[in-house]
Amino acid sequence: MLAPRLKGGKNIAMKILPHGYQQTITFYRDVPGLDGVGGLSAHAIGFKVAANIPWIDKVAALQRTIVS
């Protein structure tokens, strides 16, 4: 039996509420000194971290999903 090969992509989405959005962007830009990469919209910006790009997405609300 072959084991499945799982591989993650380079994009990582982080959903941030409006009250913490600008502070999160400021942190990634100023503390580790990362350069932003083209935003998908006015509510999203990415930062290049080695081979990955964490995307900071501003969302109005978060929803908890429980998987069992």
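The figures here come from the full heavy-atom set of this structure, side chains too, leaving out hydrogens, waters and symmetry mates.
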**Message:** For residues 20-29, which residue pairs pass the salt bridge (charged side-chain N to carboxylate O under 4.0 Å, His left out) check, not counting sequence neighbours?
**Reply:** none

**Prompt:** Same cluster or not: are Leu34 and Ile56 linked, directly or through other Ile, Leu, Val, Met, Phe, Trp or Tyr residues, by side-chain heavy atoms under 4.5 angstrom apart?
**Reply:** yes

What donor-acceptor contacts under 3.5 angstrom involve side-chain atoms of residues 15-26, with partners at least two apart or in another chain?
unit_1, atom_1, unit_2, atom_2, d
Lys15, NZ, Asp57, OD2, 2.7
Tyr21, OH, Ala44, N, 3.3
Gln23, NE2, His19, O, 3.4
Thr24, OG1, Gly20, O, 2.7
Thr26, OG1, Gln22, O, 2.9

**Message:** With a 4.5 Å cut-off on side-chain heavy-atom distances among I, L, V, M, F, W and Y, is there a chain of contacts connecting Ile12 to Leu62?
**Reply:** no

**Complete:** With sequence neighbours left out, the residues meeting side chain to side chain donor-acceptor pair (under 3.5 Å) with Asp35 are none

**Asked** At their closest point, which heavy atom of Pro32 faces which heavy atom of Phe27, and how far apart are they?
**Response** CD-O, 3.1 Å

**Request:** Specify the closest pair of heavy atoms between Pro54 and Phe47, including all atoms of both residues, with the distance to one decimal.
**Result:** CD-O, 2.8 Å

**Message:** Tell me whether the count of non-hydrogen atoms from other residues, nucleotides or ligands lying under 6.0 Å of NZ in Lys10 goes above 12.
**Reply:** no

